[in-house]
Asks: 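Encoded as structure tokens, here's the structure I'll be asking about.
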Amino acid sequence: MAQEDIFKKIIAHAKEYGFVFQSSEIYDGLSAVYDYGPNGVELKNNIRRYWWDSMVKLHENIVGIDAAIFMHPRTWEASGHVGAFNDPLIDNKDSKKRYRADVLIEEYMEKLEQKIEKEVSKAAKRFGDSFDEAMFRQTNPRVKANQDKIDAIRNRMVKALESENLEDLRQIIIDAEIVCPVSGTKNWTEARQFNLMFDTKLGSVSEDASKIYLRPETAQGIFVNYLNVQKTGRMKLPFGIAQIGKAFRNEIVARQFIFRMREFEQMEMQFFVRPGEELKWYEYWREARMKWHKALGMGDEKYRFHEHDKLAHYANAAVDVEFNFPFGFREVEGIHSRTDFDLGSHEKFSGRKIQYFDPETNESYVPYVVETSIGLDRMFLSVFANAYQEEELTNDKGQKDTRVVLNIPPALAPVKLAVLPLVKKDGLPDIAREIIHNLKFDYNCQYDEKDSIGKRYRRQDAIGTPYCITIDHQTKEDNTVTIRDRDTMKQERLKIEELAGILEKKVGFRNILDSLQ
RNA sequence: GCGGGAGUAGCUCAGUGGUAGAGCAUCAGCUUCCCAAGCUGAGGGUCGCGGGUUCGAUCCCCGUUUCCCGCUCCA
């Protein structure tokens with residue numbers, strides 16, 4: 001089956017079994033916004049818990065916070081989002097390609113720059129030692145003309161960007177006769193402003209209301225709380241702050257189901273370290289995070305690192321953990337060495353001293369940061385998509401049969417145990433209810449007496465329940481039940497008292513967390 | 001945003017210018033069964049939304065919205 005067909009089935013399965021619904025579906029839905037259903041929220045909560053426990057419970061020096069989605073607008077100036085997330089875009093009508101207008105102009109100026117450099121190096125060769133570059137630049141008419149042109153365009157562009165004059169930005173492109181690199185034509189649309197941050201008004205009286213943004217990343221909530229956490233928690237470097245929360249981006253194109261949503265959830269941990277030690281810690285977290293992923297047992301070959309060739313303005317090292325989705329290897333997590341960019345920038349914008357006094361060296365400095373940032377919804381999709389299996393079976397009569405099973409790592413499964421009375425009489429349902437009553441405080445259990453036993457097993461397979469126990473007539477005689485394994489479909493008989501211990505071992509978080517240490 | 005395809009029951013889909021169908025699923029009853037598909041019955045849809053053409057539109061036309069596939073950005 002083609003990969004996209006499988007992906008379609010996965011999306012259909014997610015809806016049919018209550019994992020993911022489109023937002024506001026009865027009103028035709030909202031583009032790139034999704035809701036999690038009853039089984040979806042369980043799976044999501046379990047992923048969240050696996051992450052949180054592995055960070056906050058297992059590390060003495062990592063603590064959690066939960067910062068608000070609304071933040072002071074200056075935060076986003078300091079972080080660079082107001083600049084970087086406000087792109088003037090322009091389309092070429094012939095090639096249908098979209099460009100950032102300012103980048104298009106920058107590239108044009110670079111070309112002029114290259115022309116000048118060529119002239120200069122040619123002249124340098126000709127005149128040898130006696131060549132005076134400064135003089136040549138000032139006097140050579142061709143070089144001077146190009147240099148003047150560059151200066152004029154740059155001035156005009158800076159002005160246009162500052163005043164957000166999109167018409168003039170477009171006019172620069174027209175006047176300079178910049179062509180589309182693909183189609184080679186000058187057939188441009190209007191330039192439009194795209195703001196990737198959502199904004200709203202704070203204050204109920206409209207005249208006094210001020211514009212604030214929904215956070216486009218959770219990291220800044222950690223950075224602005226660095227001092228609070230460090231001082232109140234008496235934290236010593238190196239230490240980390242973890243946070244799980246929603247972030248919002250008004251994506252131009254949002255697609256591939258829940259892979260790219262406008263409202264999404266991040267699980268981030270910012271690790272503060274002594275300057276100069278950031279690359280050591282970067283290496284540490286890179287390996288630690290990969291181990292965390294692989295510990296789920298979804299297959300080591302499903303993961304790979306993707307090194308960044310060009311780094312963001314705030315980073316001095318960066319790598320992605322990529323997962324093999326039905327549509328190819330894509331990023332689920334990023335590990336970035338963010339230097340002192342964020343804290344340093346907040347220091348500048350806020351005027352507060354955001355530093356750490358190091359008792360070992362008797363020095364004060366702005367800590368460096370190593371970030372691990374994982375998309376919770378992407379993690380959900382990786383688990384869900386990877387779990388979806390269609391198995392071909394043959395029964396005792398030799399008939400073919402297809403079984404749809406979600407091979408979810410047991411610790412993450414929405415329902416851990418289904419308790420099924422073989423028949424709904426002879427007191428078997430009562431025994432089933434009693435077993436559930438004893439286990440439901442620790443494990444999500446489900447009761448089902450409807451339809452044949454085989455059908456009930458298949459229903460549980462479809463939502464990834466790792467174990468089904470069946471109450472039969474023998475149960476009444478010796479207090480034993482059969483336990484059926486989702487993956488092997490094999491059954492074993494065991495005593496009811498043994499159930500809790502078995503579940504702890506097979507579906508609990510303890511073993512998997514222990515393997516990380 | 002641009003181009004291509006699609007939207008009919010919870011799911012997968014059929015169908016016709018004249019009041020809407022199947023299979024699966026759901027619910028009730030029978031059956032009491034250890035790996036889907038036993039029997040009987042029931043519920044469920046202004047055919048994505050809005051407008052137009054028509055005596056009459058789920059079907060034809062226009063707009064819109066959502067999803068899928070390409071082109072660009074990102075967690």
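All chains are named by letter (A, B, ...) in the order of the sequence lines, taking the proteins before the strands, and each is independently numbered beginning at 1. Keep in mind that this is a model prediction, so the values were computed, not measured.
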Asks: For A:Glu449 and B:C33, give me the distance from atom CD to atom C1', rounded to whole Å.
Replies: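 Roughly 15 Å, once rounded to whole Å.
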
Asks: Could you state the CD-C1' distance from A:Glu391 to B:C35, rounded to the nearest angstrom?
Replies: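 Going from CD in A:Glu391 over to C1' in B:C35 covers 12 Å.
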
Asks: With rounding to whole Å, what would you report as the distance between B:G10 and B:C55 at their P atoms?
Replies: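 It comes out at 35 Å once rounded to the nearest Å.
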
Asks: How is A:Thr482 classified with respect to the nucleic acid when contacts are heavy atoms under 4.0 Å: base, sugar-phosphate, or nothing?
Replies: base

Asks: Taking atom C1' in both B:U66 and B:G56, compute the distance separating them and give it to the nearest angstrom.
Replies: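 Each nucleotide's C1' atom is 29 Å from the other's.
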
Asks: So if I take every side-chain heavy atom of A:Lys424 and compare against B:C11, B:A75, B:U32, which nucleotide ends up nearest?
Replies: B:U32

Asks: Both distances below 3.5 Å, Watson-Crick or wobble geometry, any strand: find the nucleotide opposite B:C49.
Replies: B:G63

Asks: Sticking with atom C1', work out how far B:U58 lies from B:U53, rounded to a whole angstrom.
Replies: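 It works out to 16 Å between them.
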
Asks: Looking at A:Ser452, I'd like to know whether one of its side-chain N or O atoms comes within less than 4.0 Å of OP1 or OP2 on B:C34.
Replies: no

Asks: So, under a plain 3.5 Å distance rule, would you say the side chain of A:Arg456 forms a donor-acceptor pair with the base of B:C35?
Replies: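 Between B:C35 and A:Arg456, which were checked side chain against base, a qualifying N/O pair under 3.5 Å is absent.
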
Asks: With rounding to the nearest 0.5 angstrom, report the CG to CD distance, A:Asn479 to A:Glu497.
Replies: 6.0 Å

Asks: Go through the N and O atoms of the side chain of A:Arg260 and the base of B:A75, and report whether any donor-acceptor pair is under 3.5 Å.
Replies: no

Asks: Within the pair A:Gln22 and B:U66, is there a side-chain N or O less than 4.0 Å away from OP1 or OP2?
Replies: no

Asks: Could you tell me which nucleotide pairs with B:U72 by Watson-Crick or G-U wobble geometry, both distances under 3.5 Å, or answer none if nothing does?
Replies: none

Asks: Considering only atom C1', compute the distance from B:C62 to B:G23 and round it to an integer number of Å.
Replies: 36 Å

Asks: Treating A:Asp426 as the side-chain partner and A:His473 as the backbone partner, does any N or O pair qualify as donor plus acceptor under 3.5 Å?
Replies: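 No: the side chain of A:Asp426 does not pair with the backbone of A:His473.
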
Asks: Using whole Å, what does the distance between atom C1' of nucleotide B:C49 and atom CD1 of A:Ile26 come to?
Replies: 13 Å

Asks: Considering Watson-Crick and G-U wobble pairs with both distances under 3.5 Å, what does B:A25 pair with?
Replies: none

Asks: Would A:Arg249 and A:Phe264 count as a cation-pi pair here, with the cationic atom under 6.0 angstrom from the ring centre and within 45° of the axis?
Replies: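 Cation-pi check for A:Arg249 and A:Phe264: fails.
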
Asks: In Watson-Crick or G-U wobble terms, both distances under 3.5 Å, what is the partner of B:A36?
Replies: none

Asks: Among A:Glu278, A:Glu268, A:Glu217, find the residue that satisfies the salt bridge (charged side-chain N to carboxylate O under 4.0 Å, His left out) test when tested with A:Arg338.
Replies: A:Glu217

Asks: For the side chain of A:Tyr457 and the base of B:C34, is some donor closer than 3.5 Å to an acceptor across the two?
Replies: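 By the distance-only test, yes, there is a pair.
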
Asks: For A:Asp472, report the nucleic acid contact type (base, sugar-phosphate, nothing); a contact means any heavy atom under 4.0 Å.
Replies: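 Here A:Asp472 touches the bases of the nucleic acid.
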
Asks: Need to verify one output field. Residue with the more 5' nearest nucleotide on RNA chain B, A:Val33 or A:Gln491?
Replies: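 Its nucleotide being nearer the 5' end, the pick is A:Gln491.
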
Asks: Would you tell me if any nitrogen or oxygen in the side chain of A:Lys455 comes within less than 4.0 Å of OP1 or OP2 on B:A25?
Replies: yes

Asks: Check whether any side-chain heavy atom of A:Leu499 lies under 4.5 Å from a side-chain heavy atom of A:Tyr467, and answer yes or no.
Replies: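 A:Leu499 does not reach A:Tyr467 side chain to side chain.
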
Asks: Roughly how far apart, to the nearest Å, are B:U16 and B:C59 at atom C1'?
Replies: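 So the two C1' atoms sit 7 Å from each other.
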
Asks: How is A:Ile453 classified with respect to the nucleic acid when contacts are heavy atoms under 4.0 Å: base, sugar-phosphate, or nothing?
Replies: sugar-phosphate

Asks: For A:Arg458 and A:Lys15, take the nucleotide of RNA chain B holding the closest heavy atom to each; which residue's nucleotide lies nearer the 5' end?
Replies: A:Lys15

Asks: A:Arg459 CZ to B:A25 P: how many Å, rounded?
Replies: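 Rounding to the nearest Å, CZ of A:Arg459 and P of B:A25 are 9 Å apart.
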
Asks: If you look at every strand shown and take non-hydrogen atoms under 4.0 Å, does A:Gly454 touch a base, only sugar-phosphate, or nothing?
Replies: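 Sugar-phosphate, backbone atoms only, no base.
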
Asks: Separation of A:Phe257 atom CZ from B:C69 atom C1', in whole Å?
Replies: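 The answer, rounded to whole Å, is 17 Å.
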
Asks: What integer distance in Å separates A:Lys8:NZ from B:A6:P?
Replies: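 In whole Å, B:A6 P lies 11 Å from A:Lys8 NZ.
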
Asks: Separation of A:Phe327 atom CZ from B:G70 atom P, in whole Å?
Replies: 11 Å

Asks: Pick the P atom in B:U40 and in B:U8, then give their distance to the nearest Å.
Replies: 30 Å

Asks: I'd like to know whether A:Phe19 forms a side chain to side chain contact (heavy atoms under 4.5 Å, CB included) with A:Leu406, so could you lay out the CA-CA distance, the side-chain angles of the two residues, the decisive distance to 0.1 Å, and finally the verdict.
Replies: CA-CA 12 Å; A:Phe19 283 86; A:Leu406 288 189; 3.7 Å; yes

Asks: How many whole angstroms separate atom CD1 of A:Ile11 from atom P of B:G10?
Replies: 20 Å

Asks: Check A:Arg286, A:Arg289, A:His336, A:Met290 against A:Val319 for a side chain to side chain contact (heavy atoms under 4.5 Å, CB included) and give me the one that passes.
Replies: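 Exactly one option meets the side chain to side chain contact (heavy atoms under 4.5 Å, CB included) with A:Val319, and it is A:Arg286.
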
Asks: Scan every strand shown for a Watson-Crick or G-U wobble partner of B:A57, both distances under 3.5 Å, and answer none if you come up empty.
Replies: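 B:A57 is paired with nothing.
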
Asks: What integer number of Å spans the C1' atoms of B:C68 and B:C61?
Replies: 25 Å

Asks: Could you work out which one of B:C27, B:U12, B:U32 sits closest to the side chain of A:Ala12?
Replies: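 Among the listed nucleotides, the one closest to the side chain of A:Ala12 is B:U12.
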
Asks: Is A:Gln266 reaching over with its side chain to a backbone N or O of A:Thr218, donor-acceptor style, under 3.5 angstrom?
Replies: yes

Asks: Provide the distance between the two P atoms, one in B:A57 and one in B:C47, to the nearest whole Å.
Replies: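 Looking at atom P only, B:A57 and B:C47 are 12 Å apart.
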
